[in-house]
Q: 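Before I ask anything, let me first share the structure, which is written out below as structure tokens.
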Amino acid sequence: MTYKVIYYPEATILKSYDTFVAIKRSAAEDMVTDQYYSKTTTRQINDFFGGAEKTVMVEKVPQETIDIIAKFLEEYHNCSDQVMTRISNYIEE
């Protein structure tokens, strides 16, 4: 498999090979990398958003933006319960 769809409560992320390339966010607009990788990755992105005609409507952002959001969510959801509690408490303050 050359791609993986990762589900989090805040967003669904498309990872093609080892690169995060698109994000569907629950509380904001969807986004896709402005970096071209390959025909295969483009096809995966189009499938992720439900077709090329829908993908063209998605906001294109720098690859760095996709990486930052996806890596943050990955780390956030992989941290210990103690850290999660501390983060939640900090956000609520």
Q: For atom CD of Glu64, decide whether the heavy atoms of other residues, nucleotides or ligands shown that lie under 6.0 angstrom number more than 12.
A: no
Q: May I ask you to test the Gln63-Tyr37 pair for a side-chain heavy-atom distance under 4.5 Å?
A: yes
Q: State whether the side chain of Ser16 and the backbone N or O of Thr19 hold a donor-acceptor pair below 3.5 Å, judged by distance alone.
A: no
Q: Between Val5 and Thr12, does the side-chain contact (heavy atoms from CB on, under 4.5 Å) criterion hold? Intermediate values first, please.
A: CA-CA 7 Å; Val5 178; Thr12 302; 3.4 Å; yes
Q: Decide yes or no for Val61 and Asp34: does some side-chain heavy atom of the first lie under 4.5 Å from some side-chain heavy atom of the second?
A: no
Q: Might you point out which heavy atoms bring Ile23 and Ala11 nearest each other, and give the distance in Å?
A: CG2-CB, 3.7 Å
Q: What distance do Tyr3 atom OH and Asp18 atom CG have between them, rounded to the nearest 0.5 Å?
A: 15.5 Å
Q: Do Lys15 and Glu74 make a side-chain contact, defined as non-hydrogen atoms from C-beta onward lying under 4.5 Å apart?
A: yes
Q: Decide yes or no for Val32 and Val21: does some side-chain heavy atom of the first lie under 4.5 Å from some side-chain heavy atom of the second?
A: no
Q: Take Asp47 and Gln44, measure what side-chain contact (heavy atoms from CB on, under 4.5 Å) needs, and give me the verdict at the end.
A: CA-CA 5 Å; Asp47 289 346; Gln44 293 165 353; 5.7 Å; no
Q: Going only through I, L, V, M, F, W and Y residues with side-chain contacts under 4.5 Å, is there a path from Tyr7 to Phe48?
A: yes
Q: Examine Lys54 relative to Phe49 and say whether NZ or CZ is less than 6.0 Å from the centre of the six-membered ring and inside a 45° cone about the ring axis.
A: no
Q: Measure the spacing between CD1 of Ile69 and OH of Tyr8 and express it to the nearest 0.5 Å.
A: 13.0 Å
Q: Considering only heavy atoms from C-beta outward, does the side chain of Met31 approach that of Thr65 to under 4.5 Å?
A: yes
Q: Should Ile68 and Phe20 be counted in the same cluster of Ile, Leu, Val, Met, Phe, Trp and Tyr side chains packed under 4.5 Å apart?
A: no
Q: Report yes if some heavy atom in the side chain of Tyr17 is under 4.5 Å from a heavy atom in the side chain of Thr40; otherwise report no.
A: yes
Q: CG/Leu73 to NZ/Lys71 distance, rounded to the nearest 0.5 angstrom?
A: 13.0 Å
Q: For Pro9, does its backbone N or O pair with a side-chain atom of Ser26 as donor and acceptor, under 3.5 Å?
A: yes
Q: Would you mind reporting whether Ile13 and Lys4 have side-chain heavy atoms less than 4.5 Å apart?
A: no
Q: Within a radius of less than 6.0 Å around CD of Gln35, do more than 12 heavy atoms belonging to other residues, nucleotides or ligands occur?
A: yes
Q: Hey, are the side chains of Asp30 and Met57 touching, using non-hydrogen atoms and a 4.5 Å cut-off?
A: no
Q: Under 4.5 Å between side-chain heavy atoms, counting indirect links through other Ile/Leu/Val/Met/Phe/Trp/Tyr residues: same cluster for Ile66 and Tyr76 or not?
A: yes
